[in-house]
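Reviewing the structure listed below.
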Amino acid sequence: MAEPLFRRLALLGVGLIGSSVARIARQRGDLAAEIVVNARTQKTLDRVLELGIADRVEIDPAKTVEGADCVMLCAPVGAFADLAARIAPHLMPGAILTDVGSTKQSVIRDVGPLVPEAVHFVPAHPIAGTEHSGPDAGFTELFQGRWALVTPPPGTDEAAVAKIEELWRRCGSMVERMEPNHHDRVLAIVSHLPHLIAFTICGTADDLADESRQEVVNFAASGFRDFTRIAASDPVMWRDIFLNNREALLEMLQRFMEDAQAMARAVRWGDANYIEDKVERGRRIRRSLIERKQA
Ligand code: NAP
């Protein structure tokens with residue numbers, strides 16, 4: 001077994017993502033010699049102890065990070081500013097502070113200014129997830145064959161960035177570096193807009209008159225069913241993502257609405273070629289995902 005990358009890994013937040021990292025660290029043994037975990041509630045920490053996925057749990061974020069050479073923020077992005085303020089004075093000189101947040105410019109904006117001079121700040125985002133949350137939702141294969149995007153601000157210590165990249169490789173991810181604003185635009189179209197559409201379509205169906213609503217449930221075809229799976233995601237996490245990737249999300253939504261209008265026009269005027277062309281394009285995108293094993 002390779003040497004552990006870190007002596008002590010502190011996870012702040014232990015839901016789907018944090019608990020998956022903890023499980024992998026436990027199973028492999030070469031991510032960190034010791035795992036310390038923090039959550040907002042004692043209930044979650046008790047569950048972590050029952051699951052046996054941490055060496056130690058701490059309800060106080062400041063205590064969690066003491067002596068840790070890697071600190072990973074795994075809470076919803078809206079909680080990062082407060083968490084960072086609470087842990088900043090307790091971070092060990094030379095430690096790496098990283099995160100798994102789904103938005104990157106907001107994390108750099110909220111956390112960056114609070115990071116002490118002697119601490120390396122390496123924001124990252126594993127592009128892997130399910131609609132489930134909490135410490136029971138995690139599993140060791142979550143990041144297998146998925147991308148992890150690393151978005152270090154200019155001037156970040158290269159050795160610190162390399163260690164976070166290696167951490168994600170050991171979690172099974174393929175790693176790529178990206179500019180934070182490019183990250184936010186890409187994620188707006190591949191993840192944030194699809195979630196917005198899923199939440200909206202479920203709301204639209206739910207607003208229908210009572211008897212139609214019952215039929216929606218009874219006869220849900222696969223199209224609607226797939227939307228409900230996405231819409232089952234955690235409300236706090238998604239509230240925070242929408243509010244923290246506002247500009248890119250609104251831009252992609254605007255483009256989408258224009259394209260949806262064009263489709264509506266084609267339907268109204270019986271433009272069969274337009275409709276067929278759009279469906280064919282969708283099929284091509286699906287085929288290329290399958291070929292790249294990202295489906
Ligand atoms: P989750 O399952 O809902 O878990 C959230 C964890 O953060 C819990 O342990 C919670 O503690 C803790 N927490 C601390 N402060 C909190 C606060 N103020 N509000 C709510 N929870 C707080 O979340 P997750 O799905 O692992 O997501 C964690 C992070 O990963 C988010 O930043 C998200 O954007 C990012 N991410 C998510 C996915 C995905 O698909 N889920 C994918 C990639 C990245 P308690 O249990 O005690 O409340």
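Basis for what follows: all heavy atoms, side chains included, without hydrogens, waters or symmetry-related copies. For ligands, and for the atoms within them, numbers begin at 1 and follow the listed sequence.
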Check the pair Lys104, Glu179 against salt bridge (Lys or Arg N to Asp or Glu O under 4.0 Å), reporting the backbone distance first and the verdict last.
CA-CA 9 Å; Lys104 293 277 58 94; Glu179 288 285 320; over 6 Å; no
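- For NZ of Lys63, the number of neighbouring non-hydrogen atoms (other residues, nucleotides, ligands) closer than 6.0 Å is 12 at most.
- Any N or O atom pair closer than 3.5 Å counts here, and Ala39 shares no such pair with ligand 1.
- The protein atom (non-hydrogen) at minimum distance from atom 48 (O) of ligand 1 is Arg40 NH2, 2.8 Å.
- Less than 4.0 angstrom separates some heavy atom of Ala79 from each of these atoms of ligand 1: 17 (C), 18 (N).
- With respect to atom 43 (C) of ligand 1, the closest heavy atom belonging to the protein is Pro126 O, 3.2 Å.
- Among protein heavy atoms, the minimum distance from atom 44 (C) of ligand 1 is reached at Val100 O, 3.2 Å.
- Ligand-side atoms of ligand 1 in range of Gly15: 1 (P), 2 (O), 4 (O), 6 (C), 9 (O), 26 (O), range being under 4.0 angstrom from any heavy atom.
- Counting heavy atoms from C-beta on, the side chains of Arg26 and Leu31 never come closer than 4.5 Å.
- Near Thr44, with a cut-off below 4.0 Å to any heavy atom, the atoms of ligand 1 are 45 (P), 46 (O), 47 (O).
- Near Gly101, meaning under 4.0 Å from any of its heavy atoms, are these atoms of ligand 1: 32 (O).
- Distances from atom 26 (O) of ligand 1 to the heavy atoms of Asp240, Ile241, Thr130, Ile17 show the closest one on Ile17.
- Looking from atom 31 (C) of ligand 1 to the surrounding protein, the closest heavy atom is Ala75 O, 3.2 Å.
- In summary, Glu158 and Arg177 engage in a salt bridge, as defined by a charged side-chain N under 4.0 Å from a carboxylate O.
- The two atoms that bring Thr98 and Cys70 nearest to each other are CG2-SG, 4.2 Å, heavy atoms only.
- Look at Glu280 and Arg287 and you find a salt bridge, because one of the NZ, NE, NH1 or NH2 atoms lies within 4.0 Å of a carboxylate O, short of that distance.
- Close contacts between ligand 1 and Ser133 involve ligand atoms 1 (P), 2 (O), 3 (O) [criterion: under 4.0 Å to a heavy atom].
- The protein non-hydrogen atom at the shortest distance from atom 40 (O) of ligand 1 is Gly129 CA, 3.3 Å.
- Counting heavy atoms under 4.0 Å from ligand 1, residue His125 touches it through the side chain alone.
- The residues Asp55 and Arg8 are annotated as not salt-bridged, no charged nitrogen and carboxylate oxygen being separated by less than 4.0 angstrom.
- Of all the heavy atoms of Ser19, none lies under 4.0 Å from any atom of ligand 1, so neither backbone nor side chain is involved.
- If you check the side chains of Gln105 and Asp184, you find a donor sitting under 3.5 Å from an acceptor.
- Atoms of ligand 1 lying under 4.0 Å from at least one heavy atom of Val77, given by number and element, are 32 (O).
- Ring geometry for Trp238 against His195 counts as parallel: the plane angle stays under 30°, on a 0 to 90° scale with 60° as the upper cut.
- Residue contacts with ligand 1 for Ser233 are absent, since no atom lies close enough (heavy atoms, distance under 4.0 Å).
- Put simply, the side chain of Leu91 reaches to within 4.5 Å of the side chain of Val71, judged on heavy atoms.
- Of all atoms in ligand 1, listed by their number and element, those nearer than 4.0 Å to a heavy atom of Thr41 are 45 (P), 47 (O).
- No hydrogens or angles considered: a donor-acceptor pair under 3.5 Å links the side chains of Ser19 and Arg23.
- Scanning the protein for heavy atoms near atom 34 (O) of ligand 1, the closest one is Ser102 OG, 2.6 Å.
- Contact annotation: for Met237 versus ligand 1, heavy atoms closer than 4.0 Å belong to the side chain alone.
- Defined by atom type and a distance below 3.5 Å, a donor-acceptor pair is missing between the side-chain atoms of Asn245 and Arg185.
- For atom 9 (O) of ligand 1, the closest non-hydrogen atom on the protein side is Val14 N, 2.8 Å.
- Scanning all protein heavy atoms for the shortest distance to atom 12 (C) of ligand 1 gives Gly13 CA, 3.8 Å.
- Within a 6.0 Å radius of CZ in Arg265, no more than 12 heavy atoms belonging to other residues, nucleotides or ligands are found.
- Heavy-atom distances between Cys74 and ligand 1 reach below 4.0 Å in at least one pair.
- Under the 4.0 angstrom criterion for non-hydrogen atoms, Ala128 is in contact with ligand 1.
- Under the 4.5 Å side-chain criterion, counting only non-hydrogen atoms from C-beta, Ile164 is in contact with Ile96.
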